Protein chains: 2
Amino acid sequence: MNLEIITKAIASKGLKITHQRIVVYQALLASVIHPTAEQIYDQIKESNPAISLATVYKTLETFVENRLINKVPSPNGTMRYDARTDYHNHIYISNTNEIMDYDDIELKEILLNYLKKKQFENLNITDFKLQIKGEKIDPIKGITIS
Amino acid sequence: MNLEIITKAIASKGLKITHQRIVVYQALLASVIHPTAEQIYDQIKESNPAISLATVYKTLETFVENRLINKVPSPNGTMRYDARTDYHNHIYISNTNEIMDYDDIELKEILLNYLKKKQFENLNITDFKLQIKGEKIDPIKGITIS
DNA sequence: TGATTTAATAATAATTATTATTATTTAGTA
DNA sequence: TACTAAATAATAATAATTATTATTAAATCA
Ligand SMILES: [Mn+2]
Ligand SMILES: [Mn+2]
Ligand SMILES: [Zn+2]
Ligand SMILES: [Zn+2]
């Protein structure tokens, strides 16, 4: 992903452009599995050996507060991060522990319609997502992917 | 909830009937908020001061493994527990940190229909839930509930 | 029933994930 | 270039959960 886009995105939130912020955001944008803070750290420390894990956590939290990225809770309790902020759903793949995006305008319409129709007393709905859980299948051998 | 029902449920999984298991299951059944292990512990230790927090964790894990109860991940990262094992959805209430059940046969039908229609290559879907997030509103003053 | 066996529990140590603290460094700006 | 506020690295602390082990209790059986 273009470095200019990355720096502009960080700057657009009024945040200082630092090397650490650039590489953390870059790593998150490049990942498709919704990584943990530690996975991001492990990846970027190869080219940035001086970076601290606490900085990765803090940077991610700063991005979340500024709505540049999102947190995604996972079934095993450790937090995952998502560079996308537009509406989409997630598939949790239990045999690989990956979280994949699932996009469908039709689904959003169906859910919006459904929720509009229903009554929720004394409740202001702020978000809704279809959480799909599944397991990846090796098409040749059946389900045997780590 | 009837003690006989509780002991039968535990026995039906081939588990030994112990006082600790009875009170943990009883407390979970009685709760509507999907409590944490610690919330269950705090509640039951009043009448069972000798019980250990580790026993509560271990007991809950045993119940999960035996499909007597379910784990429910929460947005703030701490695990929650659910005495229900039938299909239903959850509403996470961000201003009280409660997780409430949301039941609707129509919703299940809509989602089942939708998922059946779609193609998921190399993926075996094992579960799906609508995750609703919202905030409780005090009908008199607007949103000001802790 | 009482003894035996096996599993569960209490107490506590250890681990994992995350957040807090603080001295040092750096980005943005005058 | 110098100044200042903010960010970072290093590390300590905390919260949540899991592991360990000696003790206790439930189920089985003589
Ligand atoms: Mn934690
Ligand atoms: Mn944990
Ligand atoms: Zn996503
Ligand atoms: Zn529930």
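Each chain gets a letter, A, B and so on, in the order the sequences are listed, and its residues count up from 1. In this text the structure is predicted, and so the values were computed from the model without any measurement.
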Value in whole Å for how far the [atom2] atom of [N] lies from [atom1] of [X]:
X	N	atom1	atom2	answer
B:E38	D:dT17	CD	C1'	11 Å
B:I17	D:dA27	CD1	P	7 Å
B:I22	D:dA26	CD1	C1'	12 Å
A:D42	C:dA17	CG	P	11 Å

Problem - Interatomic distance, B:N95 atom CG to A:L123 atom CG [nearest 0.5 angstrom] - result: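 That separation rounds to 8.5 Å.
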Exercise for the section: Any chance you could measure A:R21, atom CZ, to A:T7, atom OG1, to the nearest 0.5 Å? Expected result: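 Reported to 0.5 Å precision, the distance equals 13.5 Å.
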Practice task
Evaluate the side-chain proximity of B:L111 to B:Y87: yes if any heavy-atom separation is below 4.5 Å, no if none is.
Solution key: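 Result yes, sub-4.5 Å side-chain heavy-atom pair found.
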Problem - B:D101 vs B:H90 side-chain heavy atoms within contact, under 4.5 Å - result: yes
Problem - Contact under 4.0 Å: B:Y57 side-chain N or O vs D:dT18 OP1/OP2 - result: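 B:Y57 to D:dT18 OP1/OP2: no side-chain N or O under 4.0 Å.
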Problem - Working for side chain to side chain contact (heavy atoms under 4.5 Å, CB included), residues A:I33 and A:Q39 - result: CA-CA 10 Å; A:I33 62 167; A:Q39 284 173 331; 4.0 Å; yes
Handout entry: Results of ring pair (Phe, Tyr, Trp, His ring centres under 6.0 Å) for B:Y114 - residues two or more places apart only
Key = none
Problem - Flag for B:D82-B:H34: side-chain donor and acceptor within less than 3.5 Å - result: yes
Problem - Interface residues of residues 69-85 of chain B with DNA chain D (non-hydrogen, below 4.0 angstrom) - result: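 Listed by number, they are B:T78, B:M79.
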Fill in the blank from the handout: Nucleotide by nucleotide, nucleotides 7-13 of chain D touches protein heavy atoms under 4.0 Å in the pattern (B base, S sugar-phosphate only, - none) SSBBB--
Exercise for the section: Spell out, as yes or no, whether a donor-acceptor pair under 3.5 Å connects the side chain of A:S74 to the backbone of A:M79. Expected result: no
